[in-house]
Amino acid sequence: MMEELALHILDIMENSLAAGASLLELTILEDPVANRMIIELTDNGRGMSEKERQAALDPFFTSRTTRRVGLGLSLLRATAEQCGGSLTLVSQPGKGTRVVVTLELNHIDRPPLGDMGATIASILSREDPPEVYYYHQRGKEAFEFSTSWLKEQLGDIPVNLAPVLKWVQSHIDEGLKALYGGE
Amino acid sequence: MKSVEDLLKLKKEIQESIALREGGDKIKVVVGMGTCGIAAGAREVMSALLDELAKRRLTNVVVTQTGCIGLCAQEPLVDVFVPGKPRVTYGKVDAQKARQIVAQHIVNGIVINEWVVNK
Ligand SMILES: Nc1ncnc2c1ncn2[C@@H]1O[C@H](COP(=O)(O)OP(=O)(O)OP(=O)(O)O)[C@@H](O)[C@H]1O
Ligand SMILES: [Mg+2]
């Protein structure tokens with residue numbers, strides 16, 4: 001169903017925006033020595049009470065009204081657990097939410113990272129784009145991207161114009177390609 | 001199209017084109033981005049729309065997104081709002097169809113009835 005980790009990441013970023021977040025901080029750490037991959041998304045949305053937080057991992061709980069099941073977090077948790085890892089939710093009402101996913105980097109069932117450029121470009125394609133900070137470390141090398149940097153470059157040009165978003169997509173894809181040694 | 005120089009070049013180009021088109025209502029395109037939409041390929045639809053709009057330098061179109069609207073079996077869904085016209089909803093859109101929607105509906109104003117879903 002979700003063939004890339006980047007699609008799961010897009011999905012949990014959509015959750016953050018649905019919770020009113022204006023700031024998304026995404027960290028991806030790949031540690032080949034420890035055979036670990038950690039994906040962490042922190043938002044400043046409305047957060048969840050302890051009861052909501054526990055219920056959020058139950059597919060039959062959703063705050064949506066259009067469908068009676070919420071799938072996003074349950075799917076990602078299933079993927080993490082299948083890959084020798086876990087999904088943890090840390091949340092405080094009024095403060096925000098953090099989703100932490102761990103996986104075995106070399107696990108045979110681990111979906112590939114996928115197209116992070118397309119994921120970030122998609123999340124920014126809205127009338128009021130959020131601030132995004134993305135940090136990706138692989139071994140000792142790292143790549144980072146932030147909308148605050150992008151806005152500095154753009155001046156009065158908005159972020160959410162198609163040509164700008166296409167640039168963001170290829171910038172991130174090229175940056176990650178370099179991180180993976182140009183594979 | 002990835003370096004900072006490319007970005008600055010792009011910026012200059014956009015500044016010139018925006019100055020030409022100032023004013024006028026924007027066309028709005030909305031892609032369904034709930035879990036059901038994403039699993040069905042909504043991100044690729046979004047990418048194709050952005051690519052086609054970027055190639056044509058159409059900066060008077062905003063592409064935005066919404067969560068699940070309860071038509072999960074028809075995902076990916078794309079709504080097109082042309083100012084002064086009723087909303088049109090396309091279902092089971094893929095990247096190829098998304099490019100056609102830009103070329104036919106957004107550029108030429110011709111609705112592609114075959115792909116329209118009735119809500
Ligand atoms: N970042 C977040 N901040 C606040 N609440 C959240 C956050 N992420 C999830 N939730 C809560 O957890 C519920 C379950 O999330 P989940 O992604 O599994 O399903 P959904 O978003 O409701 O539906 P779907 O993902 O299937 O479109 C949400 O409805 C929401 O109430
Ligand atoms: Mg969700």
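Here is the naming used below: chain letters follow the sequence lines, and residue numbers restart at 1 for every chain.
If you measure heavy-atom distances from A:N15 to chain B, you find no contacts under 4.5 Å at all. In this structure, chain B has heavy atoms under 4.5 Å from both the backbone and the side chain of A:A118. Within the 4.5 angstrom heavy-atom criterion, only side-chain atoms of B:M46, from C-beta onward, approach chain A. The part of B:L8 that comes within reach of chain A is its side chain, from C-beta onward, which places non-hydrogen atoms under 4.5 angstrom from that chain. Contacts of A:L7 with chain B are made by both backbone and side-chain atoms, with heavy-atom separations under 4.5 Å. Contact of A:L17 with chain B is not made at all, since no heavy-atom distance falls under 4.5 Å. Heavy atoms of A:Q153 lying under 4.5 Å from chain B belong to its backbone as well as its side chain. Contacts of B:K55 with chain A are absent, with no heavy-atom separation under 4.5 Å from either backbone or side chain. For A:Q169, the part lying near chain B is the side chain, with the backbone staying farther off; criterion is any non-hydrogen pair under 4.5 Å.
In this structure, A:N160 contributes its side chain and A:R126 its backbone to a donor-acceptor pair below 3.5 Å. Side chain of B:Q65 to main chain of A:S125: a donor-acceptor pair is present (N/O by atom type, distance under 3.5 Å, no hydrogens or angles).
The choice from B:K28, B:E44, B:M33 that makes the most heavy-atom pairs within less than 4.5 Å of chain A is B:M33. Contact count against chain B (heavy-atom pairs under 4.5 Å) is highest for A:L10 among A:L165, A:L10, A:L150.
Classification of A:R98 and A:E40 as a salt-bridged pair holds, one side-chain N sitting under 4.0 Å from a carboxylate O. The residues B:E75 and B:K92 are annotated as not salt-bridged, no charged nitrogen and carboxylate oxygen being separated by less than 4.0 angstrom. With respect to B:E13 and B:K9, no salt bridge is recorded, no charged nitrogen being found less than 4.0 Å from a carboxylate O.
Taking the six-membered ring where tryptophan is involved, the planes of A:H171 and A:W167 are essentially parallel, since the angle between them stays under 30° and well short of 60°.
Residue B:Y90 is tested with B:Q74, B:E114, B:K97, B:H105 for a side-chain hydrogen bond (donor to acceptor under 3.5 Å, both in side chains); the sole match is B:H105.
Note on A:L29: it does not cluster hydrophobically with A:I9, by side-chain heavy-atom contacts below 4.5 Å among ILVMFWY residues.
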